[in-house]
There are 2 protein chains.
Amino acid sequence: MAQARDEETGQERRVRGRRSDARRNAELIIDAAWDVLGRDPGASMGDIAQGAGVGRVTLYSHFGSRPELVEAVLAHAMTDAEASLRTVDLGGDPRAALTRLIDSSWRIVDRSRALLRAAQDELSPERIRALHEAPMRRIHTLIERGQSDGIFRADAPTAWLVATFYSVLHTAADEITADRLTEEAAPHAITGTLLAAYTPPGQPVPDVPPAGNR
Amino acid sequence: MAQARDEETGQERRVRGRRSDARRNAELIIDAAWDVLGRDPGASMGDIAQGAGVGRVTLYSHFGSRPELVEAVLAHAMTDAEASLRTVDLGGDPRAALTRLIDSSWRIVDRSRALLRAAQDELSPERIRALHEAPMRRIHTLIERGQSDGIFRADAPTAWLVATFYSVLHTAADEITADRLTEEAAPHAITGTLLAAYTPPGQPVPDVPPAGNR
DNA sequence: GGTTTCCCGAACACATGTGTTCGGGTTAAT
DNA sequence: ATTAACCCGAACACATGTGTTCGGGAAACC
């Protein structure tokens, strides 16, 4: 009794005895970790504590180890992403839906790229994939619908098209970082590439819809 | 005088006084590093020395630091890749040429993926890109030709299509590692995706040519 | 066969990070 | 106002890695 699932970490904690400043600090730490790891995937626990304006000991009282913290941060980021993607209408024409999804996804991917790298150094691939599950399911479902409608190519597994989706988004993020792609040009490049990649053989590649009515 | 560019590292070394076992050890070390780092990007200098059947001190007498070694290994791998790609005929129909290029590239990418990760932890992005220059130029040239022939889409920068090429190849490698894609299915998936992604808007997506006459 | 070059284990100095313990001080809760 | 929960600097133990020094022994070169 007197237990509940913590909304962020999913870990069980006593709620009765949890003081308000402790709860606030846990959030400060997660936010700081998101920020610091987002800039430098190799940042130390000390760096993160400092970023949160908190002692290193305090940090360890909330998150027992580095992997534990990284996992909490990634989970938090995925929850955020899910919340943002939930507002996107994935109905109607699959191609239009895909375009909308890209528009509201690519910045998120861009921002959490370094964090993902930190996670890859600390967490197992299975764990990372599990944490990605919620947002990934949205994409998977959309692509699957497009495939059964004959709009997206069905001669490749859905999982492959999903992997391609992430791949292109991450590539765009890398190209932006390297200053070979501007933020303005990114959505057009991504959308054009993916709409084409998803077009069934024999069918014409669609034009990228203009930045309006999305 | 009495100096020459070392074929592998590009570094200057006295040639006159270089004993044969020393030269052989340097090669052993590079080979071992390729192998060990290819399995674990985080492997230590000690691990690599052991893999080469050589003392750690000997390793340091050949490569002054970890970044120096990693750079030499990556350079060696790129030279190898170049040699392999040089045999590919990139003339004729750009789509057919692309297919041939993929067929002889994707395994190489698959095998040097972990090494690339090691390099990313040690070398600057600019340095890594510079080392990739030779093989990348082949792809760049081919894509550019396809674009000016109207076969590949020209509404995106050549650099973006090149980035997409690498991206899809690396994704396939990841999917193979995760057992979500078989080695047999990989070439078809990669080729199908890239041929489609490169098709100009309005034109039909080509079928993937069968595994014959390449 | 003499000389130079190279090998390489042992040991060292150093840096950096993780995770824990201690103890006094602070703050939220009732 | 009292109590229990929490903060947090300092110090510690530990692990792991890098790069260097030393010195005897082995191998290559002429």
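Basis for what follows: all heavy atoms, side chains included, without hydrogens, waters or symmetry-related copies.
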Check the phosphate of D:dC7 against A:Asn25, side-chain N and O only, distance under 4.0 Å to OP1 or OP2. Yes or no? yes
Listed pairs, N/O of protein and of nucleotides 26-28 of chain D, under 3.5 Å:
unit_1, atom_1, unit_2, atom_2, d
D:dA27, N3, B:Arg19, NH1, 3.1
D:dA28, O4', B:Arg19, NE, 3.4

Can you tell me if A:Arg111 has over 12 outside heavy atoms packed within less than 6.0 Å of its CZ? no
Contacts of A:Gln50 that satisfy side-chain hydrogen bond (donor to acceptor under 3.5 Å, both in side chains) - sequence neighbours left out: none
A:Asp47/A:Arg39 salt bridge by N-O under 4.0 Å criterion: no
Show the numbers, then the answer: is there a salt bridge (charged side-chain N to carboxylate O under 4.0 Å, His left out) between A:Arg129 and A:Glu133? CA-CA 6 Å; A:Arg129 202 173 168 81; A:Glu133 210 242 304; over 6 Å; no
Does B:Ser167 reach the main-chain N or O of B:Ala163 with its side chain, forming a donor-acceptor pair under 3.5 Å? no
Looking only at side-chain N and O atoms, does A:Thr177 offer a donor or acceptor that is under 3.5 Å from a partner on A:Asp174? no
Using side-chain heavy atoms (C-beta onward) and a distance below 4.5 Å, is B:Arg117 in contact with B:Gln120? yes
Does A:His62 put a side-chain nitrogen or oxygen below 4.0 Å from OP1 or OP2 of D:dC6? no
Reading nucleotides 10-24 of chain C 5' to 3', which nucleotides get B (base under 4.0 Å from a protein heavy atom), which S (sugar-phosphate only), which -? BB------SBBB---
Hey, are A:Thr193 and B:Trp160 close enough side-chain-wise for a donor-acceptor pair under 3.5 Å? yes
